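Predicted model only: the values in this text are computed from it and were never measured. Within every chain, numbering begins at 1; the chains are lettered A, B, ... in the order of the sequence lines, protein sequences first and strands thereafter.
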Amino acid sequence: MSSATRYNAQETESKWQEVWASRRTFEACEDPDKPKYYVLEMFPYPSGRIHMGHVRNYTLGDVIARFKRAKGFSVLHPMGWDAFGLPAENAARDQKIHPAEWTYGNIANMRDELKAMGLSLDWSRELATCHPGYYEHQQKLILDMFEQGLIYRRESWVNWDPVDHTVLANEQVIDGRGWRSGALVEKRKLSQWFFRITAFADDLLEALGDLERWPPQVRTMQQNWIGRSEGLTMSFEICGREDTLEVYTTRHDTIFGASFMALSADHPLAGEVGDQDEGAAEFIAECHRMGTSEEAIETAEKKGYNTGLRVAHPFLEGKELPVYIANFVLMEYGTGAIFGCPAHDQRDLDFARKYELPVVPVVIPSGTDSASFSVEDEAYLETSDVVLGNSEFLDGLSVEAAKEEIANRLTSVGKGERTVNYRLRDWGASRQRYWGCPIPVIHCEACGIVPVPETDLPVELPDDVTFDKPGNPLDEHMAWRQVDCPNCGQPSLRETDTLDTFVDSSWYFARFCSPRAEIPVDRTAIDYWMPVDQYIGGIEHAILHLLYSRFFMRAMKQCSHLGFDEPFAGLFTQGMVCHETYRDGEGNWLYPEEVSQGSDGKSVHVESGLPVVVGRSESMSKSKKNVVDPSSIIGRFGADTARWFMLSDSPPERDLEWTDSGVSGAWRFVQRMWRLVDELKDLAGPVDAVVQDGSVGSAGELRRATHQTIAAVEEDIEAFRFNKAVARIYEYVNTLGGWSPGQAGDLSSADAAALREALDTLVQLVGPMMPHLGEELWQVLGHETLLADTPWPAFEAELIEDESVTIGIQVSGKLRGTIELARDTEEEAVREAALAHDNVRKSIGDRAVRKVIVVPNRIVNVVL
RNA sequence: GCGGGCGUGGCGAAAUGGUAGACGCAACGGACUUAAAAUCCGUUGGGCGUAAGCCCGUGCUGGUUCGAGUCCAGCCGCCCGCACCA
């Protein structure tokens with residue numbers, strides 16, 4: 001290697017990728033002599049190309065996987081494909097290509113792209129959820145769960161496009177209209193399959209407390225999502241009728257402030273009113289045009305319809321409350337009916353102002369006169385330092401005491417029941433679509449719902465389908481649908497709903513432990529590998545995917561497939577990859593490569609030379625064209641450069657700004673590493689050089705830097721602070737570049753050995769981040785082993801602390817100077833040195849020193 | 001609307017309640033070169049000052065503390081999720 005040679009990333013990277021593959025370096029095995037470590041990144045949807053979000057995700061995981069490997073763990077690091085889902089059907093419709101062909105083509109391409117990244121993946125375990133070899137086991141799990149009562153069927157609402165005659169996903173509903181037809185979307189009731197996730201609500205909530213290596217905010221989000229509340233179910237007598245209206249509330253203390261009742265449009269009583277009252281029917285229909293998402297409901301203008309019905313206030317003789325149907329009450333939560341207390345709930349207040357209903361404050365700040373306290377445009381939400389008022393026998397009580405009193409009084413007369421309620425709803429898993437896992441049941445007129453016998457699994461999707469008609473092609477495929485009932489033998493029909501793709505992703509990590517087993521999971525393998533030690537993915541999955549997976553493990557445990565509850569011991573949520581956005585004069589989005597810097601530094605369109613409007617940086621998305629293709633970056637600079645850039649600068653949990661200059665900085669560092677090792681390798685001692693003890697002189701100085709860097713990088717990797725690990729490596733390279741040994745020419749044996757240790761260490765530290773460069777330099781340094789098989793260097797504790805410290809001196813909190821002292825200098829000596837400092841004396845002047853605060857090895861503050 | 005987060009130089013950022021801006025990028029000055037690229041050296045939060053040094057500065061307004069980017073309260077802006085996108 002001559003010093004004129006530049007590092008050839010493309011050649012070197014494919015060389016080492018072939019070596020790792022042929023030696024099966026990263027194939028996992030259940031080694032009983034080693035601790036195991038299961039690293040998993042969220043598997044990708046095979047959209048066709050990898051994007052920068054994938055590059056970031058898999059780089060983070062690969063650093064951990066390679067680092068843990070070097071630390072002596074038996075590592076499992078697999079990869080697969082979340083391969084069912086809507087886009088394949090859209091492609092089928094738009095491009096006349098079969099979903100399977102489209103999906104497997106995309107997988108083939110993305111596999112190549114991922115392989116070019118040099119990830120330490122065990123490709124022998126690859127799986128795709130759309131493959132019958134995967135979903136037949138999922139069908140087995142579904143049968144078992146059905147038997148256990150964990151899956152059931154009931155009616156629920158879907159978004160219905162009345163023109164296309166098809167069910168729409170929430171994202172396909174835009175401003176209340178179907179995305180293709182433009183027709184106003186209706187809600188429609190269908191019989192659908194549900195997972196009984198609410199059966200585990202308490203356990204899913206309780207167990208969050210033990211997930212110590214999860215981000216606290218994710219645990220909080222899940223906790224709020226499950227939304228356990230302790231409240232009261234109250235019965236209100238409906239005036240002039242025999243029946244009652246049931247209401248769930250957590251604010252029964254505010255009952256004397258109640259001024260109306262509100263029913264969900266789907267409440268049976270609302271339906272009853274609608275049957276006789278055209279206005280009510282029209283209002284209910286309007287509610288049904290709102291779409292099914294909670295967001296749509298919550299952000300819509302609050303509206304109601306007065307049914308004319310009234311209920312009796314439970315404590316105020318003769319007081320009656322009007323009953324409205326309201327568009328903001330959810331049938332799925334509580335009893336689908338509420339009492340409205342406008343003074344202490346913003347939504348109720350807005351509603352009351354609109355329909356001119358009374359607003360009576362019943363919770364008032366302590367020490368305030370209840371007659372003078374009023375609520376105007378903002379509901380009063382405080383519950384501490386308050387007392388009840390305008391509330392008869394509750395007056396003067398705290399919120400808690402008032403709740404107790406109301407609950408006691410109502411339960412004793414059978415008009416109330418203390419109830420624990422959850423916001424969490426059962427998981428609706430039916431999809432009226434082709435490209436998903438078939439639900440293995442048969443509908444028989446005589447026997448009802450009959451599970452497909454296990455021996456008949458898998459129920460495979462038929463290949464011969466077309467997408468020219470709207471709706472689910474399975475409904476039209478009579479040859480596939482018609483089967484004899486396994487029970488009575490009569491002609492019957494298959495279920496045509498397929499499963500939500502969240503089901504596929506709720507257990508794939510378990511399947512990775514034994515991907516070719518003839519049962520869903522092999523107990524020996526799963527007991528060895530699970531749980532996943534480090535799971536890595538986007539924050540957007542903080543609730544649903546993770547909660548469903550946690551449920552699935554519990555359900556599989558109940559079906560005796562495995563013996564644990566929690567799938568992910570450690571979780572890391574990464575930020576997004578962002579890029580500036582560009583638009584031309586007409587507002588059309590432009591790709592980054594269509595934009596260049598003009599001579600005056602302003603951005604112009606490459607072809608036309610016209611000015612370009614540079615927008616703020618946003619998450620990379622195809623629709624805004626602010627995307628950079630990973631393959632072109634890897635093709636130009638190599639995977640190591642892309643990986644290094646991903647790890648530098650931005651902390652991984654935060655959004656990362658993709659910049660060309662950042663990439664070229666990473667590229668320059670690759671070259672710098674290469675040159676540095678090239679220049680110094682002949683000065684370094686032999687591979688087996690023995691470092692000499694002691695921390696003095698040029699060798700000692702270098703060894704100190706080496707061991708400090710090992711300790712820092714190791715700690716930063718363990719804590720997912722890769723940007724800091726990178727910064728430490730930069731500092732170390734700066735140190736190495738500027739290091740002057742004790743003698744020029746032939747180094748002393750101490751210097752040569754220290755340099756050998758330093759170069760080896762540098763390459764080892766960089767290895768998990770830039771594995772190809774690491775492997776190449778390892779070879780250049782004369783090693784005959786693979787870096788990938790080399791243990792992580794151990795640091796020597798006595799070398800990592802500096803002997804002297806710099807101590808800042810403040811006068812009244814303002815820095816006035818620094819002093820250099822031996823570490824752990826006596827407090828009195830520090831104090832004297834601080835007070836002797838020229839500028840400090842000047843700042844103090846002739847004022848009296850009241851106090852001197854000395855923080856050892858840190859700072860001195862002179863208080864005047 | 002509800003729930004969760006984030007906000008520090010020109011930019012990405014660092015900082016167990018203890019010297020704000022490590023490290024990188026960009027920019028500027030210099031060396032090398034016929035020239036460019038590459039590389040190397042230096043400067044770089046703002047203001048004042050020849051200098052020593054001083055003043056200001058972590059989204060905004062307050063509070064706690066000897067000391068606040070960090071803790072507390074309220075606001076502003078942006079991002080993620082809201083159950084059929086994955």
Side-chain angles (χ1 to χ4, degrees), chain A residues 6 42 44-45 47 82 84-87 158-159 167-173 192 197 215-218 220-225 227 292-300 302 328 332 346-347 350 423-433 500-502 505 538-545 547-548 573 575-576 578 616-619 648-651 653-657 659-666 668-669 671-672 675 721 723-724 726-731 734 737 806-810 812-818 838-839 842 850-853 855 858-864:
Chain A
R6 294 193 98 201
M42 291 180 185
Y45 179 79
S47 55
D82 188 12
F84 275 136
L86 268 183
V158 294
N159 298 308
V167 176
L168 298 177
N170 282 337
E171 72 155 11
Q172 297 174 324
V173 180
Q192 308 216 68
I197 189 172
Q217 70 272 23
V218 174
T220 305
M221 281 191 257
Q222 292 217 353
Q223 183 183 324
N224 293 338
W225 186 263
T292 58
S293 85
E294 191 174 313
E295 187 188 2
I297 292 163
E298 292 279 338
T299 51
K302 309 295 177 276
F328 59 86
E332 289 89 353
Q346 191 61 44
R347 217 167 36 179
D350 296 342
R423 207 186 74 96
L424 180 68
R425 312 197 289 258
D426 276 339
W427 170 13
S430 275
R431 297 293 180 268
Q432 293 70 40
R433 298 185 211 292
D500 179 4
T501 56
F502 271 128
S505 57
I539 185 72
E540 67 273 18
H541 293 293
I543 297 177
L544 292 179
H545 163 58
L547 192 62
Y548 291 154
T573 54
M576 293 176 305
C578 299
R616 64 188 185 83
S617 179
E618 296 184 58
S619 173
S648 313
D649 296 355
S650 294
E653 68 279 8
R654 231 187 272 184
D655 286 353
L656 176 145
E657 169 78 12
T659 59
D660 289 345
S661 55
V663 177
S664 47
R668 275 201 302 272
F669 182 69
Q671 297 296 345
R672 189 173 171 202
R675 273 197 318 273
R721 291 188 295 242
N723 56 320
K724 286 184 66 187
V726 164
R728 292 307 301 246
I729 290 171
Y730 273 121
E731 281 183 76
N734 290 341
T806 308
I807 293 174
I809 312 165
Q810 295 178 334
S812 293
K814 278 181 187 292
L815 186 75
R816 293 298 178 215
T818 58
D838 276 352
N839 200 45
K842 204 175 104 193
R850 283 203 296 161
K851 181 156 70 157
V852 178
I853 291 162
V855 181
R858 284 266 174 196
I859 205 163
V860 176
N861 192 6
V862 180
V863 185
L864 300 180

May I ask you to verify if any side-chain N or O of N839(A) is less than 4.0 angstrom from the OP1 or OP2 atom of A52(B)? no

Nearest-nucleotide pick for E171(A), side chain only, options being G67(B), G4(B), C85(B): C85(B)

How does RNA chain B look in dot-bracket form if you count Watson-Crick and G-U pairs under 3.5 Å, write [ ] for pairs that cross, and put | where a base pairs with another strand? (((((((..(((.....[....))).(((((.......))))).((((....))))..(((((..]....))))))))))))....

Looking at A83(B), C40(B), C25(B), which one has an atom nearest to any side-chain atom of S661(A)? C25(B)

For the pair made of NZ in K302(A) and C1' in G1(B), what is the distance, rounded to whole Å? 5 Å

Out of C84(B), A83(B), A86(B), which has the shortest distance to the side chain of E540(A)? A86(B)

Give me the distance, rounded to whole Å, that separates G21(B) from C56(B) when you measure between the C1' atoms they each carry. 15 Å

Under 4.0 Å: is that the gap between some side-chain N or O of R425(A) and OP1 or OP2 of A83(B)? no

Does N861(A) put a side-chain nitrogen or oxygen below 4.0 Å from OP1 or OP2 of U65(B)? no

Please tell me which of the listed nucleotides, A86(B), G81(B), C55(B), lies nearest to the side chain of K814(A)? C55(B)

Of the candidate nucleotides C84(B), U19(B), A86(B), which contains the atom at the shortest distance from the side chain of L815(A)? U19(B)

Under 3.5 Å, N/O pairs linking protein and nucleotides 14-17 of chain B:
from: A14(B); atom 1: OP1; to: N723(A); atom 2: ND2; distance (Å): 3.0
from: A14(B); atom 1: OP2; to: R654(A); atom 2: NH2; distance (Å): 3.1
from: A15(B); atom 1: OP1; to: K724(A); atom 2: NZ; distance (Å): 2.8

Whole Å only: how far is the CG atom of L544(A) from the P atom of G81(B)? 10 Å

Of the nucleotides C54(B), U39(B), C84(B), which has the atom closest to the R816(A) side chain? C54(B)

On RNA chain B, nearest-nucleotide positions of P216(A) versus E731(A): which is more 5'? P216(A)

